[in-house]
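Throughout, protein chains are lettered first and strands after them, A, B, ... in sequence-line order, and every chain is numbered starting at 1. Since we're looking at a predicted model, the values are computed, not measured.
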Amino acid sequence: MTFREVRTRFAPSPTGTIHLGSLRTALFAWLWARHCGGKFLLRIEDTDNKRFDPGSVASIVNCLQWLGLDWDEGPDIGGPFGPYTQSERGQIYRDHAEQLITEHKAYCCFCSRERLQQLRESQKARNEQPRYDGACRDLSAEEVATRRAAGESYTVRLRIPSLERITFKDVIRGDITVSTSTLQDPILLKSDGMAVYHLAAVVDDHLMQISHVLRGEEWIATGPYHVMLYEAFGWEFPVWVHLPVILNPDGKGKMSKRNTGKHLMPVNVEDFVAAGFLPDAMFNFLSLLGWTPNATKDMFSRQELIDRFELDQISPSAAKMPYEKLDWMNREYLRSLSPQTFRDVATPFLAQAFNRSETVVARMESLNYVLPELQTRVKTLGEVSDWLPWAFKSAAEIEYEPVEMLIGRKLDSTQSAKVLQTCLELLEEANPFEPEVLKDLFSKEAQALNLKLGSMLGPPRGAISGSKVSPPLFEMMAVLGKNECRERILRAHSVLTSKSVTMA
RNA sequence: GCCCCCAUCGUCUAGAGGACCAGGACUCAAGCCUUUCAAGCUUGCUACAGGGGUUCGAAUCCCCUUGGGGGCACCA
């Protein structure tokens, strides 16, 4: 093979939101291009207008940009081999198909969809491999000419040579051999004149000088068509790299929404974005899904990943999506953020969760007391709000139900009420009203009362947060301020004493 | 049904004939610490799918079985 520049591409079809597996394909192609100092391009494969979804190009672009993948040529920025949208390249495909017809390597097929459908069904009924029977394969040139001239609808099919086997090379798996008994003359051009994927992809990959074709494993079976197409045109093969699919956690089928069980696990890239995964974490995680840089660590910077990436180290076997590992890695990235950055990235999520504007959330400066405490507690940005309902409620909105949340460990309700009373006094002493000061005061008091700090803090924790589990107490108090804390503890105290009376 | 691909701890994986009674990470479990929950620290559990070869020697090479996945459209 002659030396040439490494050029890879990501070629999604705009039929909806982009799947995590597709994003990984894009990432690997990008990684390889960047590793080699080559070019990465974006090409939109919209040859099927029936499945076209207008919003999806923008969505795909957003997802790529979110992950931090940039392209050197593409529909939005152009390039020397444009256009990069296949629906604008119809004539190119038609010309190439015509060339093959002239060279007797392809032919016009006038069979109707109905006939084809029936053929397939009868073959299946007989347990045969469904394939085209070649009815139009040897039509005379005259007949074809007259029928075309008459405006009869037809498709163009590639004439497949009758070999027994065809072999092509995949970087990850080595030689792949397919017997042609399973192959049929594939349609290249649909009756509407638009190319089918096989033709469009091969022609474009050649014209755009793609050196390495990275795509999903589901394309292995049709690999021979592409080989034969390259041969028919007399073009040099690209290097093929078929990436393994990502399976559902239970291993049953390709990672998908309907199969992920009770818990809603993200599948599409937009779902991961919405759940609050960080681009850096996803970049790191996805790079290591099916590839390892042969090291005993798994936290890598983008640059390290680019430097080390190698195609032949990619695993050939399909992996079950390891959601827990993604969670863990995302938390690692989350906790490595500066408090300010963490706050910035969390703000939109809080605004959405509590139905406030981002500006309002951004202005709640006292949140700074508690937000850093959440960096080790949360796996995604979407979970940050789970820890903060108390911060977005007024004292009156806090519900002490069940009332047990106001009872400290190893304390009864009378003692707990008493603790709340004491807290009220400590509140007034705290000056300034800061976590450190509060901690000092409460610790001393706990000692004086001969109580473990942990059990003494139970009642006020419940009173302040309305929950048994919360962020650290003193930080919460500092967020709310003295007056709000006093009000909550007062309320909690009265709830506790009245409930106690009823219980007694 | 036919064709193709794949197969190491529960999971993601390291391993390219001797350096492996199989290494790392996640998960899980226990202990310590502790302001609840986390985090942190320490320790621990668990794997070469099965059967045949090849070889002085196999997780590594070959074959079969089994299991899983993918494909068989005028979709990509």
Side-chain angles (χ1 to χ4, degrees), chain A residues 11-15 45-48 50-51 109 111-113 116-117 120 123-131 153-157 170 172-173 176-184 186-192 194-198 200-201 215-224 242 244-245 247 249 251-254 285 288-292 294-299 315-329 331 335 373-378 387 405 408-409 439 442-443 446 452-458 460-462 465 467-475:
Chain A
S13 57
T15 53
E45 308 219 319
D46 57 344
T47 51
D48 183 11
K50 284 190 282 299
R51 294 207 307 158
C109 170
C111 296
S112 67
R113 288 170 202 263
L116 261 19
Q117 178 77 27
R120 245 192 320 271
Q123 285 167 329
K124 268 188 183 160
R126 273 173 280 145
N127 259 340
E128 285 172 20
Q129 172 75 24
R131 54 197 299 225
S153 162
Y154 65 93
T155 61
V156 175
R157 286 182 188 268
D170 172 86
I172 306 178
R173 288 160 250 263
I176 295 174
T177 302
V178 181
S179 114
T180 47
S181 65
T182 64
L183 269 27
Q184 57 178 332
I187 288 177
L188 263 23
L189 231 46
K190 300 181 245 184
S191 53
D192 66 359
M194 182 42 83
V196 153
Y197 171 82
H198 304 302
R215 46 153 58 144
E217 193 179 10
E218 62 270 25
W219 294 108
I220 288 181
T222 50
H242 292 95
V245 295
L247 269 25
K252 297 265 176 258
K254 248 198 284 193
F285 170 80
L288 268 36
L289 190 55
W291 170 64
T292 23
N294 192 5
T296 53
K297 63 167 185 170
D298 34 25
M299 300 294 285
S315 161
S317 54
K320 303 180 184 72
M321 173 64 188
Y323 281 100
E324 295 97 348
K325 197 140 189 179
L326 206 215
D327 283 345
W328 165 80
M329 189 169 280
R331 205 200 57 209
R335 64 187 301 185
E373 294 292 336
L374 302 183
Q375 286 185 245
T376 56
R377 265 163 254 252
V378 109
W387 292 86
M405 74 173 72
R409 214 172 9 186
K439 182 177 182 180
F442 277 70
S443 302
K452 290 270 276 185
L453 188 60
S455 62
M456 174 173 169
L457 261 31
R461 162 168 281 112
S465 69
S467 167
K468 236 176 159 50
V469 177
S470 80
L473 178 63
F474 307 125
E475 279 73 11

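Among the protein residues, Pro472(A) comes within range of the nucleic acid bases, having at least one heavy atom under 4.0 Å from a base atom. Nucleic acid contact for Arg335(A): sugar-phosphate only, since backbone atoms but no base atoms lie under 4.0 Å from a heavy atom of the residue. Residue contacts shown for Gly216(A) are absent, as no nucleic acid heavy atom lies under 4.0 Å away. Within the nucleic acid shown, Phe442(A) has no heavy atom closer than 4.0 Å to any nucleic acid atom. Arg131(A) comes within 4.0 angstrom of nothing in the nucleic acid, heavy atoms only. Residue-level contact check: Pro471(A) touches the bases, meaning some heavy atom is under 4.0 Å from a base atom. Within the nucleic acid shown, Thr292(A) comes within 4.0 Å of sugar-phosphate atoms alone, with no base atom in reach, counting heavy atoms only. Nucleic acid contact class of Ser465(A) (heavy atoms, under 4.0 Å, all strands): none. Within the 4.0 angstrom heavy-atom criterion, only backbone atoms of the sugar-phosphate kind lie near Lys50(A); the bases stay farther away. Among the heavy atoms of the strands lying under 4.0 Å from Glu218(A) are primed sugar atoms or P, OP1, OP2 only; no base atom is included. Note on Thr155(A): a base of the nucleic acid sits closer than 4.0 angstrom, heavy atoms only. Looking at heavy-atom distances under 4.0 Å, Leu457(A) makes contact with a base. Heavy atoms of Ser317(A) sit under 4.0 angstrom from primed sugar atoms or phosphate atoms, though from no base atom. Among the heavy atoms of the strands, none lies under 4.0 Å from Ser315(A).
Put simply, CG on Asp46(A) is 13 Å from C1' on C75(B), counting in whole angstrom units. Remark: P of A38(B) and CG of Leu473(A) are 17 Å apart, rounded to the nearest angstrom. Between the CG atom of Asp298(A) and the P atom of G23(B) there is a distance of 17 Å, rounded to whole Å. Remark: P of A25(B) and CH2 of Trp291(A) are 18 Å apart, rounded to the nearest angstrom.
Taking the P atoms as reference points, G53(B) lies 43 Å from U27(B), given to the whole Å. Nucleotides U43(B) and C48(B) place their C1' atoms 26 Å apart, quoted to the nearest Å. For the P atom pair drawn from C75(B) and G67(B), the interatomic distance equals 35 Å after rounding to whole Å. Comparing G24(B) with C63(B), their C1' atoms sit 33 Å apart, to the nearest whole Å. Across the P atoms, G40(B) and A25(B) are found 13 Å apart, a figure rounded to whole Å. Across C64(B) and A7(B), the matching P atoms stand 16 Å from one another, rounded to whole Å. Comparing C9(B) with C5(B), their P atoms are spaced 22 Å from each other, to the whole Å. Comparing the P positions of A30(B) and U66(B) gives an interatomic distance of 42 Å, to the nearest angstrom.
A 3.5 Å limit on both hydrogen-bonding distances identifies A30(B) as the Watson-Crick or G-U partner of U42(B). U55(B): no Watson-Crick or G-U partner with both key distances under 3.5 Å is found in any strand. The base-pairing partner of G1(B), taking Watson-Crick or G-U wobble contacts with both distances under 3.5 Å, is C72(B).
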Inset, instruction - Take Phe285(A) and Trp328(A) through the ring pair (Phe, Tyr, Trp, His ring centres under 6.0 Å) test and state the conclusion after the steps. - result: CA-CA 10 Å; Phe285(A) 170 80; Trp328(A) 165 80; 10.0 Å; no
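Comparing atom distances between the Gln129(A) side chain and each of C2(B), C74(B), A76(B) picks out C2(B) as nearest. Closest to the Leu116(A) side chain, of the nucleotides A39(B), U35(B), C74(B), is C74(B). Closest contact between the side chain of Lys325(A) and the listed nucleotides C3(B), G24(B), A39(B) involves G24(B). Of the candidate nucleotides A76(B), C12(B), U36(B), A76(B) has the atom nearest to the side chain of Lys190(A). With distances taken from any side-chain atom of Ser470(A) to the nucleotides U36(B), U13(B), C74(B), the minimum falls on U36(B). Closest contact between the side chain of Arg173(A) and the listed nucleotides C5(B), C12(B), A76(B) involves C5(B). Of the candidates C3(B), A73(B), U27(B), A73(B) carries the atom nearest the Gln184(A) side chain, counting heavy atoms from C-beta on. Counting only heavy atoms from C-beta on, Lys254(A) has its side chain closest to G70(B) among G70(B), C75(B), U36(B). Among the nucleotides G40(B), A76(B), U35(B), the one closest to any side-chain atom of Lys439(A) is U35(B). Which of C12(B), A76(B), C4(B) sits closest to the side chain of Leu289(A) comes down to C12(B).
When the nearest nucleotides of RNA chain B are assigned to Lys297(A) and Ile220(A) by heavy-atom distance, the more 5′-ward of the two goes with Ile220(A). Comparing Val469(A) and Pro130(A) by the nucleotide of RNA chain B that holds the closest heavy atom to each, the one mapping nearer the 5' end is Val469(A).
Paired with Pro224(A) under the rule side-chain contact (heavy atoms from CB on, under 4.5 Å), one option of Ile176(A), Val178(A), Thr177(A) passes, and it is Val178(A).
Phosphate contact (OP1/OP2 of G69(B), side-chain N/O of Lys320(A), threshold under 4.0 Å): absent. At least one side-chain nitrogen or oxygen of Arg409(A) sits closer than 4.0 Å to the OP1 or OP2 atom of U36(B). Distances shown here put a side-chain N or O of Arg120(A) below 4.0 Å from the OP1 or OP2 atom of C74(B).
For the atom pair CZ of Arg173(A) and CD1 of Ile220(A), the computed distance is 4.0 Å after rounding to the nearest 0.5 Å. For the atom pair Cys109(A) SG and Ile187(A) CD1, the distance stands at 6.5 Å (nearest 0.5 Å). Remark: Lys297(A) NZ to Thr292(A) OG1 distance equals 13.5 Å, nearest 0.5 Å.
Between Lys124(A) and Glu128(A), none of the side-chain N atoms (NZ, or NE/NH1/NH2) sits under 4.0 Å from a carboxylate O, so this pair counts as no salt bridge.
Donor-acceptor pairing under 3.5 Å, judged by distance alone, is present between the side chain of Ser191(A) and the base of C74(B).
Looking at Ser455(A), its side chain does come within 3.5 Å of a backbone N or O of Lys452(A) through a donor-acceptor pair. Checking side-chain atoms of Gln123(A) against main-chain N and O of Arg131(A) turns up a donor-acceptor pair under 3.5 Å.
Aromatic ring pairs are classed by plane angle as parallel below 30°, tilted from 30° to 60° and perpendicular above 60°; the pair Tyr197(A) and Trp219(A) is parallel.
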